[in-house]
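Notes for the one structure printed next.
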Protein chains: 2
Amino acid sequence: MEDKRKVSIAVVKRLPRYYRYLYDLLKIGITRISSKELSERMGITASQIRQDLNCFGGFGQQGYGYNVESLFNEIANILGVNEKFNTIIIGAGNMGQALANYSNFEKRGFRHVGIFDVNPNVIGKKINNLTVMHMNELDEFVKKNKVDIAMITVPYDQTPVVAEKLVELGIKGLWNFSPMDLKLSGDVIVENVHLSDSLMVLGYKLKEKYGRK
Amino acid sequence: MEDKRKVSIAVVKRLPRYYRYLYDLLKIGITRISSKELSERMGITASQIRQDLNCFGGFGQQGYGYNVESLFNEIANILGVNEKFNTIIIGAGNMGQALANYSNFEKRGFRHVGIFDVNPNVIGKKINNLTVMHMNELDEFVKKNKVDIAMITVPYDQTPVVAEKLVELGIKGLWNFSPMDLKLSGDVIVENVHLSDSLMVLGYKLKEKYGRK
DNA sequence: TAGATTGTTAATCGATTAACAATC
DNA sequence: TAGATTGTTAATCGATTAACAATC
């Protein structure tokens, strides 16, 4: 079951999308689905769906299709939804607070266990069951608690030093909201949310399709 | 100069990254750079850089490389940084407020011109020069002002109807923060920021690399 | 059983990388 | 001029799509 060959990142990036569609199907009471029907809903080919799923196992049945609930559970397991990743948020500005309040993450296996800042105006503030702590409490907190992922929402110029510190503390996953590529020495996985990059791609597409204004 | 052949989305998605690296080079006073040196900084091949840039024009010079400032300006133009896209934010919760306060967008050609919500607690609130308006003022506002992009940060269940309304109002670019794929009838470009998808990919990678906990 | 649909192999397509002639 | 480096063509690699035998 473990990787015969490494699953390509293109496939991995589609998994959350399968997860969403299967969840929705489950919610509306559909119990079985063929790759063909799912392909029509998702706007990708049935072939791709079958190829993608078969990276992880043979979840379907010839002549029948896929059982929605069991396929949903398989995808959930592959994505680690049942693993319970503990997360901390670094930076309690609007973005940090938005993440703290975002209820979706909990459902998907991520639990916020701490939020940190240096601004005295927010330290001590209660946000969705968490109390904002000062950054100088970070070391001790990470040593006492299991922390899998740190979400970085600090200002641009503080990002590199904060990221480096998180790696030193042994945190293995960084979710980076700063518009920069982190160059880190240690053993860590970084996933970026480059908002302005995404917005610029939208701008480009608008310009291409609708021309210069 | 206009598209001989359509530029692939893979290339377009790299443009903002070139933009960032060139900006940084400019800032530290580097005036020329070869594809080889840039490739080392960015962690991609020199070949890819040259291929990418040549989708848009021959910006370099044999034996010399690329002039950083002029290449930066070319990329900026390609991305439409000088176009001034007007944006509105739908939803003035934490995420909407975070976007309203995010100074990066302005530098890259995007200007917030309005922010809307239905919650009486935030209507009238001043956020970074903008005053939160009620959603029932949206129609009139869009008719009176040029709006290129709407950023959707409303709760999950309100997203489809809000998105549909924005398309009806003739807005051509949607930046969607809801974890759903918008299925819209009209003529519109949608760019998604699926935060929980991104986080789940991080979770998957952690699980793969560091195993089940 | 017959029909449907998977799992999987083979074909195609597109993107990345390599190579090198052109030229500054 | 000689050296460097582009622009561009060709080769490779990987991802997507098509096809179909296996089988429920």
Side-chain angles (χ1 to χ4, degrees), chain A residues 1 3-18 21-22 25 30-75 78 201 204, chain B residues 1-18 21-22 25 30-75 78 201 204-205:
Chain A
M1 182 174 128
D3 50 62
K4 26 193 112 185
R5 253 158 288 124
K6 198 167 182 301
V7 177
S8 91
I9 187 64
V11 175
V12 173
K13 282 198 187 148
R14 282 192 291 270
L15 292 177
R17 196 150 175 268
Y18 290 125
Y21 275 80
L22 289 164
L25 288 170
I30 292 177
T31 56
R32 64 177 263 201
I33 194 154
S34 67
S35 58
K36 179 151 183 297
E37 200 191 329
L38 187 56
S39 82
E40 281 155 9
R41 289 174 179 268
M42 295 183 68
I44 58 178
T45 64
S47 218
Q48 181 163 70
I49 291 172
R50 295 203 300 278
Q51 286 276 24
D52 283 356
L53 298 179
N54 277 90
C55 293
F56 302 99
F59 303 136
Q61 195 170 56
Q62 282 100 328
Y64 172 88
Y66 299 87
N67 178 282
V68 173
E69 187 175 2
S70 80
L71 184 56
F72 174 75
N73 289 328
E74 293 285 359
I75 303 269
I78 291 161
V201 169
Y204 175 86
Chain B
M1 182 172 127
E2 277 319 294
D3 50 61
K4 26 193 111 185
R5 252 158 287 126
K6 199 167 181 304
V7 177
S8 91
I9 187 64
V11 175
V12 174
K13 282 200 188 148
R14 282 192 290 269
L15 292 177
R17 196 149 175 268
Y18 289 125
Y21 275 80
L22 290 164
L25 288 170
I30 291 176
T31 56
R32 64 178 264 200
I33 194 154
S34 68
S35 59
K36 179 151 185 294
E37 199 191 327
L38 187 57
S39 80
E40 282 156 7
R41 288 174 180 267
M42 294 183 69
I44 57 179
T45 64
S47 217
Q48 181 163 70
I49 292 172
R50 295 203 300 277
Q51 286 276 24
D52 284 354
L53 298 179
N54 278 89
C55 292
F56 303 98
F59 303 137
Q61 195 171 55
Q62 283 102 328
Y64 172 87
Y66 299 87
N67 178 282
V68 173
E69 187 174 3
S70 81
L71 184 56
F72 173 76
N73 289 329
E74 293 285 0
I75 303 270
I78 291 162
V201 169
Y204 175 87
K205 288 178 178 174

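Throughout, protein chains are lettered first and strands after them, A, B, ... in sequence-line order, and every chain is numbered starting at 1. Quick caveat: nothing in here was measured; it's all calculated off a predicted structure.
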Member of A/E37, A/R17, A/Q48 meeting the side chain to side chain contact (heavy atoms under 4.5 Å, CB included) criterion with A/M42: A/R17
Polar atom pairs (N or O), protein with nucleotides 8-12 of chain D, under 3.5 Å:
{"from": "D/dT8", "atom 1": "OP2", "to": "B/N54", "atom 2": "ND2", "distance (Å)": "3.4"}
{"from": "D/dT9", "atom 1": "O4", "to": "B/Q51", "atom 2": "NE2", "distance (Å)": "2.7"}

A/I9 CD1 - C/dA15 P separation (whole Å): 18 Å
Dot-bracket line, read 5' to 3' along DNA chain D, where crossing pairs take [ ] and | marks a partner on another strand, Watson-Crick or G-U under 3.5 Å: ..||||||||||||||||||||||
Side-chain heavy atoms of A/S70 within contact of A/F59, under 4.5 Å: no
Interatomic distance, B/L71 CG vs D/dG7 C1' [rounded to whole Å]: 14 Å
Whole angstrom value for the distance that separates P of D/dA18 from CD1 of A/I49: 13 Å
Nearest-nucleotide 5' precedence on DNA chain D, A/Q62 against A/D52: A/D52
Whole-Å gap separating P (C/dG7) and CZ (A/F56): 14 Å
Short side-chain N/O contact from A/Q61 to OP1 or OP2 of D/dC24, under 4.0 Å: no
From CG (A/L25) to CZ (A/R41), nearest 0.5 Å: 5.0 Å
Pi-cation contact, A/Y64 with A/R32 (under 6.0 Å, within 45°): yes
Atom pair OG (B/S34) and CD (B/Q61), whose distance is rounded to the nearest 0.5 Å: 13.5 Å
Euclidean distance, atom CG of residue B/L53 to atom P of C/dT16 [Å, nearest integer]: 14 Å
N/O (side chain, A/T45) to phosphate O (OP1/OP2, D/dT17) under 4.0 Å: yes
Interatomic distance where NZ belongs to A/K13 and C1' belongs to D/dT16 [whole Å]: 16 Å
Atom pair CD1/OH of A/I30 and A/Y21 - distance to nearest 0.5 Å: 13.0 Å
Over all atoms of both residues, closest heavy-atom pair of B/Y18 and B/L38: CD2-CD2, 4.5 Å
Rounded distance [0.5 Å steps], CD in B/E74 versus CD in B/E69: 11.5 Å
Nearest-nucleotide pick for A/Q48, side chain only, options being C/dT6, D/dT17, C/dT16: D/dT17
Shortest non-hydrogen separation from A/P16 to B/V201 and the atoms involved: CG-CG2, 4.1 Å
Integer-rounded Å distance: C/dA4 P and A/N67 CG: 20 Å
From D/dC24, D/dG7, D/dT5, nucleotide with atom closest to B/R32 side chain: D/dT5
B/Y66 vs D/dG7: side-chain N/O to OP1/OP2 distance below 4.0 Å: yes
Euclidean distance, atom CG of residue B/L38 to atom P of D/dA4 [Å, nearest integer]: 19 Å
